[in-house]
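A short write-up of the structure that comes next.
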Amino acid sequence: MYFCKKKMNIKQDISNSIKEFASSKHSTELLDNEIQLSPTKAEFDGDTTLVCFPLLRKIKMSPEALANEIGEFLKENNENIADFNVVKGFLNLSYTNEFWSNFLNKNFNNDKYGHFTQTEAQKIVLEYSSPNTNKPLHLGHIRNNLLGYSLSRLLKQYGYEVIRTNLVNDRGIHICKSMLAWIKYGNGETPESANMKGDHLIGKYYVKFDVEYKKEIEELIKKGMSEEEASKQAPLILEAQELLRQWEAGDKETVELWKKMNQWVYDGFDVTYKQLGIEFDKIYYESETYELGRAIVEDAFQKGIFTQREDKSIWCDLTDEGLDEKLLLRSDGTSVYMTQDLGTAKLRAEEFNADKMVYVVGNEQNYHFDVLKLILHKKLGFDWGEGIYHMSYGMVELPSGKMKSREGTVVDADDLMSDMIALAKETTMELGKIEDFESEEAHKLYEMIGLGALKYFILKVDPKKNMMFDPKQSIDFNGNTASFIQYTHARISSILRRAKDENIDFSELKGVSNISKIETEFLNTIFQYPEIVAEAAKNYSPALIANYTYEFAKKFNQFYHQIPILRESEKDLLSFRLKLSSMAAMIIKNGMWILGIDVPEKM
RNA sequence: GGCCCCAUAGUUCAACGGAUAGAACAAAAGUUUCCUAAACUUUAGAUCCAAGUUCGAUUCUUGGUGGGGCUACCA
């Protein structure tokens with residue numbers, strides 16, 4: 001339900017008037033979906049526009065003539081419509097000044113503007129981040145975390161209950177690789193002795209493993225072995241596999257080491273998450289969940305839903321769905337990734353009684369999630385399986401191509417963040433506007449600006465699409481950036497501060513007679529905010545919020561340059577503009593909050 | 001080979017099937033005795049190709065071309 005009821009009402013209200021027009025003047029009943037009302041483009045006069053073409057099928061006349069007839073009718077019969085104009089088949093309608101004054105009076109102080117409450121509460125389990133504990137986080141993980149976290153805020157604001165989860169991939173052959181390399185080449189090195197973050201230290205050994213492993217493969221190939229054979233027979237990989245067997249058998253020494261090294265990684269991750277501003281409600285560890293799906297699979301096999309091959313492996317046949325057969329239990333009885341995901345999905349569905357389970361995972365796993373949903377919903381018949389949604393996002397590419405941890409072509413998350421903060425500091429000092437700040441306050445501002453720029457840079461792009469990041473070009477503080485939006489907020493704050501200092505009371509607004517073009521444009525932008533939030537939530541797209549907030553800030557700056565605010569002497573106009581400004585600050589702050597970006601009072 | 005995704009100014013990104021395809025950066029030119037110039041105002045510049053559906057296509061369909069992903073008893 002909308003807090004800003006007026007908004008939904010006016011669209012519906014106009015629609016109703018148009019239906020009334022059709023039935024009384026043309027004896028025709030129109031359907032809601034035939035009445036297309038959209039925001040008027042800035043180059044035309046008006047607040048909302050009716051596209052008349054779809055109506056011509058039922059009312060046979062020229063688009064212009066029909067638009068004019070409807071315009072006349074609405075001006076006569078709808079109290080909110082002050083005027084209209086027609087361009088081709090487009091009917092541009094303007095709202096009355098009373099409408100706008102009422103809107104502002106009602107909402108200028110409403111900090112729940114753009115918030116929703118759903119009539120039927122929905123519970124969503126949202127999974128994001130889900131890192132491996134064998135290397136530090138990089139830019140790709142940053143995109144995942146920012147999307148997930150922003151989505152959690154967006155969905156909450158849309159009125160859902162959201163449980164933020166993280167499934168840490170803390171076991172498996174890749175973890176054993178870095179463990180083995182540390183055993184062989186580490187000489188007992190620790191984060192303290194190396195003066196390195198734990199996750200970076202482990203990452204170093206993961207790379208080391210790969211280097212040595214490749215050397216061994218080269219050797220074997222020289223001796224005449226095929227590449228495929230060599231990669232299976234290299235001593236290092238055999239040792240890593242042995243280490244995994246020992247881990248699975250619960251070998252004390254191996255488990256001890258595993259715990260110690262994982263803890264190093266967690267301590268490192270904590271720092272990264274904290275700097276990035278990411279949080280979770282519940283963390284799952286794969287070492288505790290990886291056996292979960294087995295029972296489901298065995299049960300379904302007993303029921304004849306899955307099939308077994310001669311070598312005892314168990315498969316799900318999805319050929320009738322246009323997909324392949326999917327392995328669920330290996331011939332040695334061990335489970336695979338899919339098995340575990342079946343298990344954790346069921347665990348969560350039961351644990352939280354969730355209506356939806358959203359997974360923020362890269363688009364390289366599209367097939368995996370298609371299969372997961374299909375098996376749970378169609379094959380196993382779980383109703384909640386239908387509520388699975390893979391929030392599939394595109395990769396972050398570098399000019400040199402894809403990032404690869406093992407090859408060292410990654411943009412490290414910690415480095416990138418500290419670079420951004422340093423850059424923000426440099427720029428801020430150059431501009432020299434915060435000389436009165438204490439050093440702690442100043443540092444907070446640098447973080448706000450530097451991290452804001454990074455977050456916005458990532459989140460403004462449509463999540464579904466791949467995006468490009470050029471490490472040689474630093475992220476901007478000008479133009480379509482977080483800094484621009486933050487700056488706008490600081491500007492407005494400054495105005496509101498002054499108004500307060502001068503004891504200007506703008507809570508009373510009787511109504512204004514002359515609202516300028518730029519002001520109605522800006523009012524319209526404000527007016528659309530709740531719809532944007534709804535749209536973004538339905539599409540799982542923080543990018544819509546980001547781009548809207550930018551457009552919004554830009555409109556404010558244009559307004560600010562053209563129209564005096566505090567210098568306005570006429571009382572009602574002053575109140576009107578201060579109310580506008582106050583709402584503007586609120587919306588910018590809220591939009592950026594959804595993105596996980598803070599805004600300053602001064603910068 | 002099979003399946004999926006993408007293609008828009010020099011570059012990075014926008015555009016529920018709707019008006020003259022928007023921004024930003026980079027380039028060129030302007031605006032500070034005036035509420036913060038991290039701002040504002042100009043100029044120049046793009047829908048990969050070919051058909052089709054439609055009153056109307058960047059958007060939908062088909063076929064090409066180019067790029068990416070998936071296609072493991074890895075996760």
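Numbered from 1 within each chain, the chains take letters A, B, ... in sequence-line order.
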- Query: Of the residues in residues 565-581 of chain A, which ones touch RNA chain B at a heavy-atom distance under 4.0 Å?
  - Reply: A:Ile565, A:Leu566, A:Arg567

- Query: With a 4.0 Å cut-off on heavy atoms, is A:Ile449 in touch with a base, just the backbone sugar-phosphate, or nothing at all?
  - Reply: base

- Under 4.0 Å between a side-chain N/O of A:Arg497 and OP1 or OP2 of B:rC35, yes or no? no

- Residues A:Thr133 and A:Asn262: side-chain donor-acceptor under 3.5 angstrom: yes

- Taking OP1 and OP2 of B:rU54, is either one under 4.0 Å from a side-chain nitrogen or oxygen of A:Arg57? no

- Message: Which heavy atom of A:Ala553 sits nearest to which heavy atom of A:Thr488, and what is that distance?
- Response: CB-OG1, 3.7 Å

- Pairing annotation in dot-bracket form, given for RNA chain B with Watson-Crick or G-U pairs under 3.5 Å and | for cross-strand partners: (((((((..((((....[...)))).(((((.......)))))....(((((..]....))))))))))))....

- Item | For A:Tyr548, all residues meeting side chain to side chain contact (heavy atoms under 4.5 Å, CB included), sequence neighbours excluded | A:Thr525, A:Tyr529, A:Ile532, A:Phe552, A:Ile587

- Message: Suppose we screen for side chain to side chain donor-acceptor pair (under 3.5 Å). Which residues come up paired with A:Trp258, at least two apart in sequence or across chains?
- Response: none

- Query: Who are the salt bridge (charged side-chain N to carboxylate O under 4.0 Å, His left out) partners of A:Asp47, not counting sequence neighbours?
  - Reply: none

- Message: Looking only at side-chain N and O atoms, does A:Asn366 offer a donor or acceptor that is under 3.5 Å from a partner on A:Ser392?
- Response: yes

- Base versus backbone protein contacts along nucleotides 9-19 of chain B [heavy-atom cut-off under 4.0 Å; B, S, -]: ---SSS-B-BB

- Query: Which residue pairs pass the salt bridge (charged side-chain N to carboxylate O under 4.0 Å, His left out) test with at least one member in residues 558-576 of chain A, sequence neighbours excluded?
  - Reply: A:Glu568-A:Arg577

- Query: Sequence neighbours excluded, which residues qualify as salt bridge (charged side-chain N to carboxylate O under 4.0 Å, His left out) partners of A:Asp332?
  - Reply: none

- Among B:rC25, B:rC35, B:rC40, which nucleotide sits nearest the side chain of A:Phe484? B:rC40

- Query: For A:Phe457, which residues count as a ring-ring contact (aromatic ring centres under 6.0 Å, His included) partner, sequence neighbours excluded?
  - Reply: A:Phe469

Atom pairs and distances, side-chain donor-acceptor, residues 226-234 of chain A, under 3.5 Å, sequence neighbours left out:
from     : atom 1 : to       : atom 2 : distance (Å)
A:Ser226 : OG     : A:Glu229 : N      : 3.1
A:Ser231 : OG     : A:Glu227 : O      : 3.3
A:Ser231 : OG     : A:Glu228 : O      : 2.8

- Note on the structure: A:Asn363 atom CG is separated from B:rC5 atom P, nearest whole Å, by 11 Å

- Item | Within residues 551-562 of chain A: residues closer than 4.0 Å to RNA chain B (heavy atoms) | A:Lys554, A:Asn557, A:Gln558, A:Tyr560, A:His561

- Message: What's the gap between B:rC40 and B:rG64 when it is taken at their C1' atoms, as a whole Å value?
- Response: 47 Å

- Message: Enumerate the salt bridge (charged side-chain N to carboxylate O under 4.0 Å, His left out) contacts for residues 50-60 of chain A, please, sequence neighbours excluded, ordered by first and then second residue.
- Response: A:Glu34-A:Lys58

- Item | N/O donor-acceptor pair under 3.5 Å between A:Thr549 side chain and A:Ile588 backbone | no

- Query: When syn is taken as a glycosidic angle within 90 degrees of 0, is B:rU11 syn or anti?
  - Reply: anti

- Message: Starting the side chain at C-beta, find the nucleotide from B:rG68, B:rA23, B:rC74 nearest to A:Tyr550.
- Response: B:rA23

- Atom CD of A:Gln365 and atom P of B:rC74: how far apart are they, to the nearest Å? 15 Å

- Task: Give a yes or no answer on whether the side chain of A:Thr344 reaches the backbone of A:Leu292 with a donor-acceptor pair at less than 3.5 Å.
- Result: no

- Using a strict cut-off of less than 4.0 Å between a Lys/Arg side-chain nitrogen and an Asp/Glu carboxylate oxygen, indicate whether A:Lys214 and A:Asp210 qualify as a salt bridge. yes

